[in-house]
J.: 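Starting off with a structure, shown below.
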Amino acid sequence: MNDVWFSEPVVIDFEPSEQHKVSSCFEAIECLDQRWPRRARDRAWRSASRICRDALDGLRSPVEARKTLRKAAKAAGLLG
């Protein structure tokens, strides 16, 4: 499976001193599945996960995937 790259990375703040740059759909899925706080696994998180997976399958654009990842990060208070 080929990765789908974002035009610009999304910088997510997991801890006060830990920023993580997400540059592709595969990285986004990994981040959403493994690093995302349990308290923030809501509708926006599910949407981002689904759309990033769809982008890997060629069903959605990387622009949509990046946009939903940013929206989920903002809803979770993780956007710097």
Side-chain angles (χ1 to χ4, degrees):
M1 176 185 315
N2 290 331
D3 202 351
V4 176
W5 296 89
F6 298 150
S7 60
E8 184 178 337
V10 177
V11 179
I12 300 174
D13 295 324
F14 286 107
E15 298 291 329
S17 62
E18 182 184 354
Q19 289 187 331
H20 187 76
K21 283 187 181 179
V22 179
S23 301
S24 70
C25 288
F26 185 78
E27 289 178 10
I29 291 168
E30 195 172 62
C31 176
L32 289 161
D33 287 350
Q34 297 175 12
R35 301 181 64 134
W36 214 260
R38 295 263 178 226
R39 63 165 175 76
R41 294 188 179 203
D42 57 5
R43 180 178 291 179
W45 171 81
R46 285 191 303 274
S47 179
S49 182
R50 183 182 70 249
I51 290 173
C52 287
R53 290 174 200 282
D54 285 351
L56 284 176
D57 291 337
L59 303 173
R60 299 285 185 122
S61 73
V63 172
E64 288 178 281
R66 184 181 183 281
K67 183 179 175 181
T68 57
L69 178 63
R70 281 187 48 85
K71 184 177 177 180
K74 185 175 181 178
L78 300 173
L79 206 54

J.: Looking at OG of Ser24 and CH2 of Trp5, how far apart are the two atoms once the value is rounded to the nearest 0.5 Å?
T.: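 Reported to 0.5 Å precision, the distance equals 4.5 Å.
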J.: To check you understand the geometry: which heavy-atom pair defines the closest contact between Arg66 and Glu8, and what is its length?
T.: NE-O, 2.6 Å
J.: Looking at residues at least two apart in the chain, or sitting in another chain, which of them share a salt bridge (charged side-chain N to carboxylate O under 4.0 Å, His left out) with Glu64?
T.: Arg60
J.: Residues two or more places apart in sequence or in another chain: which of them pass side chain to side chain contact (heavy atoms under 4.5 Å, CB included) with Lys67?
T.: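 Partners of Lys67 under the side chain to side chain contact (heavy atoms under 4.5 Å, CB included) test: none.
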J.: Would you say Trp45 ends up clustered with Leu69 if hydrophobic residues are merged whenever their side chains have heavy atoms under 4.5 Å apart, either directly or through other cluster members?
T.: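 Yes: a chain of side-chain contacts under 4.5 Å links Leu69 to Trp45.
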J.: Mind checking what makes side chain to side chain contact (heavy atoms under 4.5 Å, CB included) contact with Arg39, not counting sequence neighbours?
T.: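 Once residues adjacent in sequence are excluded, the partners of Arg39 under the side chain to side chain contact (heavy atoms under 4.5 Å, CB included) criterion are Pro37, Leu78.
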J.: Between Leu79 and Val10, does the side chain to side chain contact (heavy atoms under 4.5 Å, CB included) criterion hold? Intermediate values first, please.
T.: CA-CA 8 Å; Leu79 206 54; Val10 177; 4.2 Å; yes
J.: Do Arg41 side-chain atoms and Trp36 backbone N/O form a donor-acceptor pair below 3.5 Å?
T.: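 Here the side-chain-to-backbone pair exists.
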J.: Restricting to non-hydrogen atoms, name the atom on Ala28 and the atom on Phe6 that form the minimum distance, rounded to 0.1 Å.
T.: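 Closest approach of Ala28 to Phe6: CB-CZ, 4.2 Å.
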J.: Identify, with sequence neighbours excluded, every residue that meets side chain to side chain contact (heavy atoms under 4.5 Å, CB included) alongside Ser49.
T.: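 Ser49 satisfies side chain to side chain contact (heavy atoms under 4.5 Å, CB included) with Leu32, Asp33, Arg53 once adjacent residues are dropped.
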J.: Output all residues satisfying salt bridge (charged side-chain N to carboxylate O under 4.0 Å, His left out) with Arg35, sequence neighbours left out; order by chain, then residue number.
T.: Glu18
J.: I need the Asp54 CG to Ser47 OG distance, nearest 0.5 Å.
T.: 9.5 Å
J.: Donor-acceptor pairs under 3.5 angstrom involving side-chain atoms of residues 70-77: please list them, not counting sequence neighbours.
T.:
none

J.: If you round to the nearest 0.5 Å, how far is CZ of Phe26 from SG of Cys52?
T.: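 Nearest 0.5 Å value for the SG-CZ distance: 12.0 Å.
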J.: Between Asp57 (side chain only) and Leu59 (backbone N and O only), is there a donor and an acceptor less than 3.5 Å apart?
T.: no
J.: Could you check if a side-chain atom of His20 sits within less than 4.5 angstrom of a side-chain atom of Glu27, using non-hydrogen atoms only?
T.: no
J.: Looking only at non-hydrogen atoms, find the nearest pair between Cys25 and Asp3 and report the distance.
T.: N-OD1, 3.5 Å
